[in-house]
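FYI, the numbering just counts along the sequence from 1. One-based numbering, in listed order, for ligands and for the atoms of each.
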Amino acid sequence: MADEQDELLRQVRQVYVDTSARDFPNSCQSRAACCHFRNAGHVPFLTRGEALVAAKAVRARGLRKIAEHPDGACPLINTEGRCTIYESRPFGCRTHFCKEAGGIVPRPLIRDLVQRLEAIDRELGGDGGRNFHSAINQALTELDGKKSRR
Ligand code: SF4
């Protein structure tokens, strides 16, 4: 079971690699505007695989839980305005939903990648995208459960 999940999370990471290899018409300028959820006007939704990949990176930083940021920013942005789980950031963070990067990548260019994430989600027993905070906290709880069963 653990091997099966590891393989599915490897597939999520491969979707991220393939996303980076795409030549999108707009590109991230690392201004982190979309990391300020309240200003950007939306919060990313994560599939179960994305949440588990992000949760492992969060746990590697020693955090047990993520909390709402008082100013409405992502709790994973640091004081220098950088993502602290950059390599494991979710798909939505990679498809430039902020205006500064030129807006969201047109759906036809990422449809196959989204479909792959949805298929992995089903394999992992997920039920579609969930709100950023609850998806990652649920995944962190799941990681805790696994550890205590060992
Ligand atoms: S996970 Fe990283 S890239 Fe995504 S919103 Fe949070 S700080 Fe920004």
## Note on the structure
dist Gln11:CD -> Glu123:CD (nearest 0.5 Å) comes out at 7.5 Å
### Task
Using a 4.0 Å heavy-atom cut-off, say whether Phe37 meets ligand 1 through its side chain, its backbone, both or neither.
side chain
### Task
Could you tell me whether Arg94 sits above the aromatic face of Tyr16, with NZ or CZ closer than 6.0 angstrom to the six-membered ring centre and within 45 degrees of the axis?
yes
### Query
Counting only N and O atoms by type, is there a donor-acceptor contact under 3.5 Å from the side chain of Asn131 to the main-chain atoms of Val43?
no
### Query
Quick one: which ligand 1 atoms are inside 4.0 Å of a heavy atom on Cys35?
3 (S), 5 (S), 7 (S), 8 (Fe)
### Message
So, 2.8 Å as the limit: is an N/O/S atom of Cys74 located closer than that to atom 6 (Fe) of ligand 1?
### Response
yes
### Message
Can you tell me how far apart CG (Leu46) and OG (Ser134) are? Round to the nearest 0.5 Å.
### Response
9.0 Å
### Query
Taking 2.8 Å as the cut-off, does an N/O/S atom of Cys93 lie below it from atom 4 (Fe) of ligand 1?
yes
